[in-house]
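See structure below.
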Amino acid sequence: MATAKKAAEEKAGNTLADKLSRLGISREQDLVLHLPLRYEDRTHLAPLASVQAGRAWQVEGTIVNTEIQYRPRRQLVCLIEDGEAKLVLRFFNFYPSQQKALAAGRRVRAFGDVREGYYGMEMVHPSFHIVAPGTPLPDRLTPVYPTTAGLSQENLRKLVQRALARDPANLAETLPPWTREPRRLWGFERAVRYLHEPPTDAPQSALDERTHAAWTRLKFDELLAQQLSLKMHRRARARRRAPRLPGDATLTRELHSRLPFTLTRAQRRVIAEIQRDLARAEPMQRLLQGDVGSGKTVVAALAALQAIESGCQVAFMAPTEILAEQHYRKLAAWLEGLPVTIAWLSGSLPSKAKKKALAAIESGAAQFAIGTHALFQDEVTLPKLGLAIVDEQHRFGVAQRLALRQKGIGDAHQLMMSATPIPRTLAMSFYADLDVSVIDEMPPGRTPVATRLVSQRRRDEIVERVRKACLAGRQVYWVCPLIEESEKLELQTAVALHEELTAKLTPISVGLLHGRMKPDEKAQAMAGFVQGNVGVLVATTVIEVGVDVPNASMMVIEHAERFGLAQLHQLRGRVGRGSAESECILLFEEPMSEAAKARLKVIYENTDGFEIARQDLLIRGPGEFLGARQSGVPLLRFADLESDVRLIEAARDAADELLRREPAAAGAHLQRWLGGREEFIKV
Ligand code: ADP
Ligand code: MG
């Protein structure tokens with residue numbers, strides 16, 4: 001019987017080990033780092049007559065009667081008394097074993113929230129246990145841990161206590177005194193013991209807000225592990241060998257002379273940084289950040305040409321077909337007549353064209369491969385790859401980024417570009433293994449985009465406004481509402497919107513662009529807009545990334561309240577690229593959630609991408625910001641990027657010291673914090 005049950009549990013993935021692994025616990029010492037969410041004060045007993053609604057209490061009494069009632073729904077009702085007063089304990093979900101335990105005449109100790117019930121005070125879903133009269137109360141605060149279905153607080157507490165008691169190695173200090181003392185950090189054992197079982201006089205608010213010295217030590221440890229992991233990763237990379245690509249300026253000089261504009265100072269600075277990296281044998285891993293429209297493409301082009309001059313191949317990847325194609329066209333135009341063969345590769349290429357492109361890449365005849373993630377599929381071999389450029393890298397899925405790394409591109413130089421500015425704290429922690437170049441200046445002559453918030457009720461006025469703009473020779477993007485739940489519905493909406501605007505705006509030509517169109521249809525729709533034959537382009541968010549049509553000076557975003565901040569910022573960045581006065585109209589529908597209101601306020605008040613990203617981080621938290629939820633990679637559990645900036649800096653310095661002076665301690669520290677897991681999240 002017992003074995004059958006055990007087998008069934010194993011099959012259902014429901015053993016204790018399964019449950020613990022859902023909490024990220026695979027070793028006993030992981031339990032030591034499984035820290036409480038909050039604490040309950042169970043050091044006092046409240047007389048039943050004294051409890052009041054609205055907070056948690058601990059009480060004790062003799063069970064008068066326990067029964068199942070069916071109205072209004074099935075529930076277990078247990079009446080207790082302590083000689084002065086009575087109290088009802090009420091359970092809506094319960095096991096037969098619980099009913100059995102609560103037998104009349106027994107003495108029960110219960111902790112839970114009290115509310116005003118129909119027949120007086122009652123405690124709903126208390127935690128409880130049967131006690132002998134006079135059982136001593138705990139003299140410590142009781143921890144409440146993050147847990148998972150089927151694992152009770154009680155059991156988790158026991159497991160943690162055992163881990164704290166059993167093996168002193170679980171509590172061993174990993175920081176040498178010279179790291180700890182100048183920073184006045186608590187010892188590891190003292191800190192974890194304190195957090196698992198704080199004394200009753202512990203300052204509750206400092207514990208809850210995690211500002212207590214014991215928390216500081218644990219947060220420091222966690223951040224240190226992250227820094228160590230990234231720095232070690234970086235060192236490993238530095239030992240690998242990439243081809244030196246010093247270039248001879250034959251191609252880059254030519255491109256410089258062809259550009260219809262002069263580079264900004266910021267562009268020149270980042271180009272110099274990249275050129276220096278490429279000339280070295282250590283593989284470059286550089287993140288190029290620049291707000292939407294700051295001119296990253298030309299930087300990428302110059303880097304690519306330096307690699308090609310040096311005799312290597314370059315792969316240039318973009319997250320969408322539209323964007324990849326735009327790059328292809330732009331670069332082909334810039335490089336016209338130069339001795340550079342470009343191959344274009346996308347998932348939807350007809351098989352004959354694809355074969356040809358693949359052959360050109362494989363033979364090395366094509367030095368420059370441009371495309372979507374099709375470029376890093378298995379069938380593609382880039383025998384002389386020297387530089388891989390990834391545009392809008394944050395838009396690639398985690399799996400794709402991993403594929404890129406595993407493809408052996410690890411030994412080529414890598415340039416990642418992103419328009420999503422990463423706040424400083426985030427860069428310092430999660431991107432510590434990358435070099436970062438920032439374009440912090442816009443090309444001259446851009447006019448700021450005027451942002452307006454308009455209720456959907458005034459949509460007709462906006463249609464009129466769009467008509468006037470078109471008649472004045474301007475071009476307009478009209479962005480369809482985002483419907484995350486259903487791609488089909490989104491498509492229908494796009495088609496309906498296109499019909500509506502075509503009817504309302506005749507004779508102005510209205511185009512349509514959405515993700516489900518075939519690549520050549522997309523290209524056609526885009527081309528019509530670029531050439532100015534189309535006045536209004538109805539589009540889904542496929543235009544969000546990178547699309548560049550300078551004459552478009554107006555954008556309408558429908559149901560702007562549904563979009564995320566980064567998306568809104570990216571979308572808005574599609575206008576204001578020429579010299580004309582630009583505007584972005586955010587149509588919203590009420591009622592809006594608080595978060596939606598907060599987002600629209602931020603986008604209305606700010607144009608600086610860094611500030612928007614910072615606010616985004618505040619609203620959403622780093623996990624979602626990094627898109628890590630889908631990746632399952634551990635993010636920081638305890639430290640907070642907003643409030644723990646000084647600790648991040650301290651951990652960064654300590655990581656350098658530790659690696660230099662006591663690498664063995666660094667190893668032990670990593671072992672404790674990462675254990676079996678590979679590493680903290682990386683781009
Ligand atoms: P992003 O950084 O968003 O990728 P792009 O590279 O698409 O920006 O550049 C936006 C536009 O600005 C393009 O039309 C590009 O040709 C133009 N551009 C780039 N650098 C400059 C510059 N220094 N002066 C004027 N225009 C520039
Ligand atoms: Mg771009």
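One-based numbering, in listed order, for ligands and for the atoms of each.
- Residue-ligand proximity: Lys330 is placed with a non-hydrogen atom under 4.0 Å from ligand 1.
- Within the listing of ligand 1, atoms 23 (N) sit less than 4.0 angstrom from a heavy atom of Thr264.
- Salt-bridge check for Arg286 with Glu273: passed, with a basic side-chain N closer than 4.0 Å to an acidic carboxylate O.
- By the 4.0 Å heavy-atom criterion, Ser294 is counted among the residues contacting ligand 1.
- Ligand 1 lies nowhere less than 4.0 angstrom from a heavy atom belonging to Ala419.
- Contacts between Gln267 and ligand 1 below 4.0 angstrom, taking non-hydrogen atoms only, involve the side chain exclusively.
- Side chain of Arg237 to backbone of His233: no donor-acceptor contact under 3.5 angstrom is found.
- Each of the following atoms of ligand 1 lies closer than 4.0 Å to a heavy atom of Asp548: 11 (C), 13 (C), 14 (O).
- No side-chain donor-acceptor contact under 3.5 Å links Lys354 to the backbone of Leu349.
- Where the criterion is an N or O separation shorter than 3.5 Å, residue side chain and backbone included, Gly295 meets it with respect to ligand 1.
- Summarising the local packing, CZ of Arg258 is surrounded by more than 12 heavy atoms from other residues, nucleotides or ligands at distances under 6.0 Å.
- Taking every heavy atom of Leu263 and a limit of under 4.0 angstrom, the matching atoms of ligand 1 come to 23 (N).
- Atom numbering of ligand 1 starts at 1 in the shown order; those under 4.0 Å from a heavy atom of Thr297 are 4 (O), 5 (P), 6 (O), 7 (O).
- Taking only nitrogen or oxygen atoms, main chain and side chain alike, Gly293 reaches within less than 3.5 Å of ligand 1.
- The number of heavy-atom neighbours closer than 6.0 Å to OH of Tyr604, taken from other residues, nucleotides and ligands shown, is 12 or below.
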Compile the donor-acceptor pairs under 3.5 Å between side chains in residues 475-483 and protein atoms, sequence neighbours left out, one pair per line.
residue	atom	partner	partner atom	Å
Gln475	OE1	Asn551	ND2	2.9
Gln475	NE2	Phe529	O	2.8
Gln475	NE2	Val534	O	2.8
Trp478	NE1	Glu558	OE2	2.8

Residue pair Asn606, His569: steps toward the side chain to side chain donor-acceptor pair (under 3.5 Å) verdict = CA-CA 9 Å; Asn606 296 281; His569 178 63; over 6 Å; no
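- Contact record, Ile389 with Ala300: CD1-O, 3.6 Å, taken as the closest heavy-atom pair.
- Where the criterion is an N or O separation shorter than 3.5 Å, residue side chain and backbone included, Trp334 fails it with respect to ligand 1.
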Side-chain atoms of residues 328-341: list all donor-acceptor pairs with protein atoms under 3.5 Å, sequence neighbours left out, distances to 0.1 Å.
residue	atom	partner	partner atom	Å
Arg329	NE	Glu325	OE2	3.3
Arg329	NH2	Glu325	OE2	2.5
Lys330	NZ	Asp548	OD2	3.1

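- Ligand 1 lies within reach of Thr262, whose nearest heavy atom is under 4.0 Å from it.
- Using a 4.0 Å cut-off to heavy atoms of Val292, the atoms of ligand 1 that qualify are 3 (O).
- For ligand 1, the atoms sitting less than 4.0 Å from at least one non-hydrogen atom of Pro443 are 21 (C), 22 (C), 24 (N), 25 (C), 26 (N), 27 (C), numbered in the order shown with element in parentheses.
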